[in-house]
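Both backbone and side-chain heavy atoms feed into the values below; hydrogens, waters and symmetry mates do not.
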Amino acid sequence: MAIKTAPAAYDEDTPRGFAFALVAYLLWGFLPFYMKAVAHIPAVEVVAHRVVWSVPIAAIVLILLGRTNDIRIALKTPRTLMMAMVTASIITINWGIYVWSIGAGRTVEAALGYYINPLFSIFLAAVLLKERLDRQQMISIALAVAAVALLAWESGGVPWVSVGLAGSWGFYAYFKKSLPIGPNQGFFLEVLILTVPAIGYIAYVEANGTGHFGDTGMTDVLLLLGCGVVTAVPLMIYANGAKLLRLSTIGIMQYIAPTLIFIIAVFIFKEPFGLYKMAAFILIWMALAIYTSSLLRNRKARQAAAAALTSG
């Protein structure tokens, strides 16, 4: 889903940036429909095709933007390649959990995971970057932990889909900061690195007769080809929108996708949504309300300080 870390230096929201980000979040929000259509295909195979067919789309975008030289430099820089391997590995885990969860009828848990994500990112910043948490942020994290504990109590174990999605995306965004190239170039580099094992796996399942790229009909072929589009297009649209928006705006807009996923899970996929899950979501929504109000308050404070500095 969305890379939370947009360039923080951008001081003004633009209509173009808002439109790009909105389209990306809507596409991510409706992605469960596509993942449901490929639910009969093993998640690993779907992820492999997401990787392979994302490469030409990302390459075309970079050619049109004239950014191919960045890739040539990155391929000659060992540190950049190592960091891209790390982020590629983490995003593969995220995609795998997400694809599997939709097919397994656990879309509600996927939605919860992406709701938790911004709060987990705050926690990571405090632990790994030693950033100080304000009172509202600490309360938000405590409520998120309570929600996870509630679900663990209900199921008799950790709700690993939600925790796995939030954790993998949080670490992906954290390590993504270390890539010294733009988001579009970084995405292309990641899928390029993953292409070799992905092609190897596709060749293996096709050779032993368990693959779905040809033997099971043209519908599966088209669905697997489309995995590249549904993977690369929203991410690259978002990357361009994030550059034209404040970080606080992105922080608020990122709730669009999990909200749509939640609505689809409960009202269209008809997944079970009992008392414990309802209570957990209420806790998360409370946490996000507190977090968002803190985000907006800090934004207003910065604007007031900037205005005072300018007038002075």
Side-chain angles (χ1 to χ4, degrees), residues 1-14 16-17 20-21 23-25 27-28 47-48 50-96 98 117-118 121 124-125 128-129 131 167-199 227-247 249-251 253-254:
M1 298 272 192
I3 296 176
K4 184 174 179 290
T5 53
Y10 208 87
D11 294 327
E12 294 295 333
D13 294 329
T14 69
R16 188 162 169 260
F20 275 138
V23 169
Y25 281 122
L27 289 173
W28 276 321
V47 171
R50 289 187 77 172
V51 168
V52 170
W53 304 117
S54 290
V55 172
I57 297 172
I60 290 170
V61 170
L62 290 183
I63 291 170
L64 293 175
L65 294 175
R67 298 295 180 84
T68 54
N69 190 53
D70 295 343
I71 298 299
R72 283 193 288 269
I73 295 172
L75 290 172
K76 297 176 182 178
T77 309
R79 183 182 180 279
T80 301
L81 278 176
M82 287 298 296
M83 289 308 305
M85 288 179 185
V86 171
T87 57
S89 300
I90 297 172
I91 197 60
T92 302
I93 294 170
N94 182 272
W95 287 349
Y98 181 76
N117 175 62
S121 294
L124 272 186
L128 300 179
L129 302 177
E131 293 183 6
S168 59
W169 192 262
F171 278 109
Y172 175 71
Y174 171 76
F175 285 110
K176 188 82 169 180
K177 288 183 177 182
S178 301
L179 274 179
I181 52 177
N184 289 332
Q185 298 94 311
F187 174 71
F188 176 77
L189 188 59
E190 288 162 356
V191 291
L192 189 65
I193 289 169
L194 293 169
T195 296
V196 174
I199 290 177
C227 283
V229 176
V230 301
T231 299
V233 171
L235 188 60
M236 301 186 96
I237 290 174
Y238 170 83
N240 287 280
K243 293 186 296 186
L244 304 173
L245 293 174
R246 293 184 178 95
L247 183 58
T249 302
I250 289 294
M253 290 184 72
Q254 68 181 321

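Across all non-hydrogen atoms, the minimal contact from L245 to A21 is CD1-CB, 3.6 Å. Heavy atoms only, all atoms of each residue included: C227 and R50 are closest at CB-CG, 3.8 Å. Pairing each heavy atom of P197 with each of I193, the nearest pair is CD-O, 3.7 Å. Taking each heavy atom of G186 and L179 in turn, the nearest pair found is CA-CD1, 4.3 Å. Shown here for Q254 and P118, the closest heavy-atom pair between the two residues is NE2-CB, 3.5 Å. Here the closest non-hydrogen pair linking T80 and P180 is OG1-CG, 3.4 Å.
Residue Y172 is tested with F175, Y174, W169 for a ring-ring contact (aromatic ring centres under 6.0 Å, His included); the sole match is W169. Only one option out of N94, I91, I90, T87 pairs with F171 in a side chain to side chain contact (heavy atoms under 4.5 Å, CB included); it is I90.
The shortest distance between side-chain heavy atoms of T68 and F188 does not fall below 4.5 Å. Using a 4.5 Å heavy-atom cutoff, the side chains of L189 and L81 are in contact.
You'll find the ring centres of W95 and Y98 outside the 6.0 Å limit.
Rounding to the nearest 0.5 angstrom, the gap separating the CE atom in M82 from the OG1 atom in T77 is 13.5 Å. In this structure, the separation between OG on S121 and CG on L128 is 11.0 Å, given to the nearest 0.5 Å. Distance check: D70 CG to L75 CG gives 11.0 Å after rounding to the nearest 0.5 Å. In this structure, CG in L194 is found 4.0 Å from OG1 in T92, a value given to the nearest 0.5 Å. Taken from CZ in F187 to NZ in K176, the straight-line distance is 8.0 Å, to the nearest 0.5 Å. Separation of atoms CG (N184) and CG (N240) is listed at 5.0 Å; rounding is to 0.5 Å.
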* Does the pair Y238 and I250 meet the rule for a side-chain contact (heavy atoms from CB on, under 4.5 Å), with working shown? -> CA-CA 10 Å; Y238 170 83; I250 289 294; 3.3 Å; yes

* Asked: Under the side-chain contact (heavy atoms from CB on, under 4.5 Å) criterion, do V229 and I57 qualify, and how do the steps go?
  -> CA-CA 7 Å; V229 176; I57 297 172; 3.7 Å; yes

